[in-house]
There are 2 protein chains.
Amino acid sequence: MTGQTSPQPYLRQETRREMIAAAAQALILEKGAAALRTRDVAARVGINISTLHFHVATKSGLLLLVAETTRAAFCALLPPAPDPARPARDQLRAEVQAYHDSLRDRPELAACFAQLAQIAPSEPEIGALIADFTRGWCARYTEILGLGRAQGVFRADLAPLPAALMITGALTAFGPRGPAGLALFWPVFTEIERGLLARPEGGER
Amino acid sequence: MTGQTSPQPYLRQETRREMIAAAAQALILEKGAAALRTRDVAARVGINISTLHFHVATKSGLLLLVAETTRAAFCALLPPAPDPARPARDQLRAEVQAYHDSLRDRPELAACFAQLAQIAPSEPEIGALIADFTRGWCARYTEILGLGRAQGVFRADLAPLPAALMITGALTAFGPRGPAGLALFWPVFTEIERGLLARPEGGER
DNA sequence: GCAGAAGTCAATCATATGATTGAGTCATGA
DNA sequence: TCATGACTCAATCATATGATTGACTTCTGC
């Protein structure tokens, strides 16, 4: 549990950094970002603590490395940017589907973000990175909702930004629950969508 | 910054514990739950570290004390329990209004809960306390939504539990933003409410 | 094959941190 | 007034933890 057993082969900087980032992320998921210890990261990679410091100068740098890696992986899963020419309802579903699939297939991403958000007060760069990502994510929904209102698919009295905050807030709550907590994901989305759609005359039946 | 200046008067156990809880909560809000140090708590109260340990045996006990204090304060702000005899829309508004007011007048409560949730993995009792509170909070909304559907004020196809999760998720997102982040609170709630209400025939106009 | 760069390690430093010890101070009732 | 218990403190322990040092090993270009 404390250190590696035998000397490790020499690896290129980038390879080692990827191993270090992966180990750090795994430990963050297991014990929380606040409980992350550089020694534990080194041990999991199988290298000496000073080798770790050779590749990643400080603990702050290590956390930032994890945050950037996670953001990049998250961004790679996002659907294409909102497109005025396509049906907004489809785009909304695609957006939500992508988030759902990320929770199902890469639950470590949202969980890691949630963990990193916790240490934002003491790591301003991490906080800025997360805030930036969240803003962009919310902006995508805002745009899709605006498109849908213009297309007549969503309520005419829909306010895009507040509705987008409602959606991202509701979806974010599924992040820390892990893949097992997804049972109510689609029911919740169904409720959201019902609330957004313009309903033709004829009442709520 | 390190210790108290002069000997402190003798106080009764309960008084000291309250001072300790208040100081711990303040420090959690300032620097995060993960960065809480027993020494800092003692210094803020103006007592010696061993005096603190006399009143609160362990750090876990200290965190639990803060959690219980916060929950009690939160519960005291909740409106009356859901009542089938009263209009559901009024009860929903009252419930949301109470939460809004808590964010405006006692922002430390939600912020402290959000912080404590972060250390739940390493403090199971804290996690259980928060999960219990959250479940109860969500259950109130579920009940109100069910009442409203039965009363015909809300959509007939409304699913109470998913909708309640949507609401609590969306509202929870305002917790860590502090009182300054409340600007969009009512716009978001307006969107939520519009999505819940049964709309009479005549379309979305 | 060899010189410098890149990568690795054992040992150690300096400090932080939760907790304990033992002795002193104050309050209260008999 | 004095005995008991409640309360407080300085000093210290034991360990955890981020980081550094200096020497050794492997790789790369020539």
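Since the model is a prediction, treat every value here as computed from it, not as a measurement.
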| Spacing between A:R17 atom CZ and C:dA6 atom P, to the nearest angstrom | 15 Å

| What nucleotide, of C:dA19, D:dT20, D:dT8, holds the atom closest to the side chain of B:F54? | D:dT8

| task | Send over the distance from B:I49 CD1 to C:dA16 C1', rounded to a whole Å. | result | 12 Å

| Think A:R16 has a side-chain N or O under 4.0 angstrom from the OP1 or OP2 of C:dA6? | no

| Between C:dA16 (C1') and B:K31 (NZ): distance, integer Å | 12 Å

| So what does A:L36 hit on the nucleic acid, given a heavy-atom distance under 4.0 Å: a base, only sugar-phosphate, or nothing? | sugar-phosphate

| query | Quick one: does NZ or CZ of A:R71 land under 6.0 Å from the six-membered ring centre of A:F74, within 45 degrees of the ring axis? | reply | no

| query | Of all the choices, C:dA19, C:dT8, D:dT17, which nucleotide is nearest to the side chain of A:R37 once you look at every atom? | reply | D:dT17

| Does B:T38 make a side-chain N or O approach to OP1 or OP2 of C:dG18 shorter than 4.0 Å? | yes

| Within the structure, does a side-chain N or O atom of B:H55 lie under 4.0 Å from either OP1 or OP2 of D:dT8? | yes

| request: First locate atom CG of A:L63, then atom CD of A:E68, and finally report the distance between them rounded to the nearest 0.5 Å. | output: 11.5 Å

| request: Consider the side chain of A:T51, meaning its heavy atoms from C-beta on, and name the nucleotide among D:dA19, C:dC9, C:dA19 that approaches it most closely. | output: C:dC9

| field | Rounded distance in Å - CD (A:E14) to C1' (D:dC27) | value | 17 Å

| query | Rounded to whole angstrom units, what separation is found between the CD1 atom of A:I20 and the C1' atom of D:dG18? | reply | 15 Å

| Quick one: is C:dT8 close enough that its OP1 or OP2 comes under 4.0 Å of any side-chain N or O from A:N48? | no

| field | Heavy atoms of other groups near B:E125 CD, more than 12 under 6.0 Å | value | no

| query | For A:R39 and D:dA19, is the shortest distance between a side-chain N/O and OP1 or OP2 below 4.0 Å? | reply | no

| task | Rounded to the nearest angstrom, tell me the gap between atom CG in B:D40 and atom C1' in C:dA16. | result | 10 Å

| request: Tell me whether the OP1 or OP2 atom of C:dC9 has a side-chain N or O from A:S50 closer than 4.0 Å. | output: no

| request: Please determine, by modelled atom types, if B:Q25 and B:T70 share a side-chain donor-acceptor pair under 3.5 angstrom. | output: yes

| task | Say whether A:S60 and A:E123, considering side chains only, have a donor N or O and an acceptor N or O under 3.5 Å apart. | result | yes

| Integer-rounded Å distance: D:dC7 P and B:L52 CG | 14 Å

| Expressed in angstrom and rounded to an integer, what is the separation of B:H53 atom NE2 from C:dA19 atom P? | 4 Å

